[in-house]
Amino acid sequence: MGTSTRFVISWVILCLSVVSFCNAEVPGYPPGVTEEMYRSDGDGSMQPTLMWVPDSDEPVALLVALHTWSSDYRQQGGEAQYARWCQEAGWAFVHPNFRGINKTVDAMGSDLVVADIRSAVAFARRKTAIDPKRIYCVGVSGGGHASMLMAAREPDLWAGVSAWCGISDIGAWHRQCDATGFERYARMIESSLGGNPNDSEELKQDASHRSPLKWIRSAERLPPLDLNHGLNDGRAGSVPFTHSILAWNAAVPPRQRIPERLVDAFYETQKIPEAIAATNVAAPDLLYGPKRPISRRVHGDLRLTIFDGGHEIVHEAALNWLAAQAKGQPTNWEPERAVSFEVQSVDRESGK
C-alpha cells in the first residue's frame with residue numbers, strides 16, 4: 001500500500017470519527033443534543049461543546065450554560081435541565097467545555113476560558129440564526145463563577161446573566177476551603193495557579209485575575225445580572241453566600257454596599273442584620289417555589305437574592321427570568337412564567 005493511499009484512508013477514518021462524534025446522542029441529555037467541535041479564538045485550538053438548535057425559520061434565543069467546578073461539558077444531572085428547557089422553549093443551547101475541570105492552568109477563569117465561551121457563542125451563531133438581543137448565560141457554583149466572570153469581561157454579549165452560588169474571589173475561597181473541610185477545592189486552586197495564592201504576590205495576582213471581583217470592580221458596565229445564593233451555602237455546601245454579596249458590593253455605588261462587618265454578621269447568624277433590614281425588598285416569588293427569597297436587593301440592572309436553600313440553582317427562577325430579558329428593553333425584575341418547568345431536587349444540587 002502506497003503512502004498516498006494510507007494518507008487517504010487515514011483522512012477518511014478521521015472524517016468518519018468526527019461525524020460520529022458530532023452526531024452521537026449524549027448520555028443523560030435529551031435526544032437531539034450532540035457533541036460538536038469549534039475553534040477557540042484564544043489559541044486556535046479545537047474545543048468541545050454540547051449543542052442543540054431548534055428547527056426554526058426565525059432567529060432564536062441562545063442559552064450558554066456553564067458547567068460546575070469539578071465537571072466538564074458532558075456533566076449530566078442539573079446541567080441536562082438547561083437543554084430540556086431550550087427544547088421546550090425553542091431556544092438554541094450550547095454547553096462548552098471551557099477547559100474542563102478547574103484543576104489546570106488553562107481552566108479556572110483563565111483568559112482561555114473567556115475566549116472559549118465567547119467563541120462558543122460565535123460558533124452557535126454560525127450554526128443557526130441567533131437573535132442578538134436574546135443571548136443568555138447561566139451557571140451554578142463553578143458555572144456561577146464563570147457566569148459572573150463573563151458578565152464583567154464580555155458584557156456586550158449578553159441580554160442577561162443568571163449566576164447561582166458562584167465563587168467571586170478565588171483567593172478568599174482558597175482560605176475558606178482550607179478552614180472548613182473542603183480542602184480538595186483548595187488543592188485544585190493550587191493546581192491551576194501552580195501554587196498557594198498566599199505564597200507569592202505573583203500567585204495572588206493570578207488568583208485575582210481569575211476572580212470575578214476584579215473584573216466587576218473595573219467594569220464600565222454590566223449586562224442585566226441576577227446574583228443568587230442559598231442561605232445555607234458554606235455550611236450545606238462549599239461556597240459561603242458572602243461571595244455573591246461581595247460581587248454585589250463590587251458592582252454598586254458605595255451607598256448601596258453592605259458594610260463588611262454586616263456581611264460577616266449576616267453569614268454567621270444567617271439573619272438579616274437590623275442595620276440593613278429596612279433596605280431589604282424580599283417578597284414572595286412563585287418562581288422560587290419552596291426556595292423562597294430571604295433577602296433581596298435591586299439596583300438598576302443588578303439584583304442580589306439570598307434564598308432559603310443551599311448550594312443549588314432553582315432552574316425555573318433562573319430560566320424564566322432570563323426569558324424575560326432582551327437587549328434594548330428595561331431589565332424585567334417581575335417576570336411571568338414563560339415555561340412551566342419542574343426539576344427534581346437532586347438535579348438542582350448539581351455539584352460544585
Side-chain angles (χ1 to χ4, degrees), residues 66-71 101-104 107-110 113 139-149 152 163-217 227-251 257-273 294-295 304-313 349-352:
L66 303 180
H67 65 72
T68 65
W69 186 271
S70 301
S71 298
I101 298 171
N102 285 325
K103 62 179 182 180
T104 67
M108 201 182 75
S110 72
V113 163
V140 57
S141 189
H145 162 258
S147 296
M148 287 190 285
L149 193 66
W164 293 71
C165 300
I167 300 99
S168 63
D169 185 334
I170 294 292
W173 196 47
H174 178 274
R175 295 189 296 273
Q176 291 161 346
C177 287
D178 263 343
T180 56
F182 293 101
E183 294 91 347
R184 74 184 185 96
Y185 298 115
R187 304 294 82 78
M188 292 172 79
I189 291 170
E190 292 170 11
S191 180
S192 294
L193 297 176
N196 187 317
N198 299 307
D199 284 351
S200 73
E201 185 62 25
E202 181 181 4
L203 290 168
K204 180 181 178 181
Q205 290 304 315
D206 192 13
S208 175
H209 186 80
R210 298 164 184 262
S211 297
L213 278 190
K214 170 187 174 177
W215 301 97
I216 292 173
R217 288 191 187 108
L227 301 168
N228 293 267
H229 220 126
L231 182 70
N232 298 311
D233 203 1
R235 297 172 173 87
S238 61
V239 183
F241 67 76
T242 53
H243 279 265
S244 289
I245 297 179
L246 294 178
W248 161 273
N249 280 353
R257 295 172 190 164
I258 302 173
E260 186 173 344
R261 62 181 177 80
L262 297 181
V263 175
D264 293 340
F266 190 6
Y267 182 71
E268 291 304 320
T269 65
Q270 295 185 288
K271 295 181 180 178
I272 303 169
I294 300 296
S295 174
L304 168 68
T305 301
I306 307 300
F307 62 92
D308 187 10
H311 192 75
E312 60 189 310
I313 180 173
E349 299 171 3
S350 56
K352 306 296 185 292

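Keep in mind the model is a prediction, meaning the values are calculated, not measured.
For the side-chain contact (heavy atoms from CB on, under 4.5 Å) with T305, the qualifying choice from L227, I294, N228 is N228, the only one to do so.
Qualifying side-chain contact (heavy atoms from CB on, under 4.5 Å) partners for S191, counting only residues two or more places apart in sequence or in other chains: K103. For D169, the salt bridge (Lys or Arg N to Asp or Glu O under 4.0 Å) criterion is met by no residue, not counting sequence neighbours. Shown here are the side chain to side chain donor-acceptor pair (under 3.5 Å) partners of N232, two or more places apart in sequence or in another chain: Q270. Listed by chain and number, the residues in a side chain to side chain donor-acceptor pair (under 3.5 Å) with S295 are N280 (sequence neighbours excluded). Residues meeting the ring pair (Phe, Tyr, Trp, His ring centres under 6.0 Å) test with W215, sequence neighbours left out: H209. Remark: S200 pairs with E202, L203 by the side-chain contact (heavy atoms from CB on, under 4.5 Å) rule, at least two apart or across chains. Every residue two or more places apart in sequence or in another chain that forms a side-chain contact (heavy atoms from CB on, under 4.5 Å) with E260 is listed here: D264. E190 is linked by a side chain to side chain donor-acceptor pair (under 3.5 Å) to H174, R187, counting only residues two or more places apart in sequence or in another chain. By the side-chain contact (heavy atoms from CB on, under 4.5 Å) test, S192 is found to be paired with M108, residues two or more places apart in sequence or in another chain being considered. In this structure E268 satisfies the side chain to side chain donor-acceptor pair (under 3.5 Å) test with no other residue, sequence neighbours excluded.
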Run the side-chain donor-acceptor check on residues 244-251: report pairs under 3.5 Å with partners two or more places apart or on a different chain.
{"from": "S244", "atom 1": "OG", "to": "H229", "atom 2": "ND1", "distance (Å)": "2.8"}
{"from": "W248", "atom 1": "NE1", "to": "Q256", "atom 2": "O", "distance (Å)": "3.2"}
{"from": "N249", "atom 1": "OD1", "to": "I258", "atom 2": "N", "distance (Å)": "2.8"}
{"from": "N249", "atom 1": "ND2", "to": "I258", "atom 2": "O", "distance (Å)": "2.9"}

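Counting only residues at least two apart or in different chains, salt bridge (charged side-chain N to carboxylate O under 4.0 Å, His left out) contacts with residues 236-251 are absent.
Between the side chain of S208 and the main chain of K204, no donor-acceptor pair closer than 3.5 Å is present. D233 places a side-chain N or O within 3.5 Å of a backbone atom of V239 that can act as its donor or acceptor partner. With S168 contributing its side chain and L213 its backbone, the two residues share no donor-acceptor pair below 3.5 Å.
In this structure, the side chains of F182 and W173 stay at 4.5 Å or more apart for every pair of heavy atoms.
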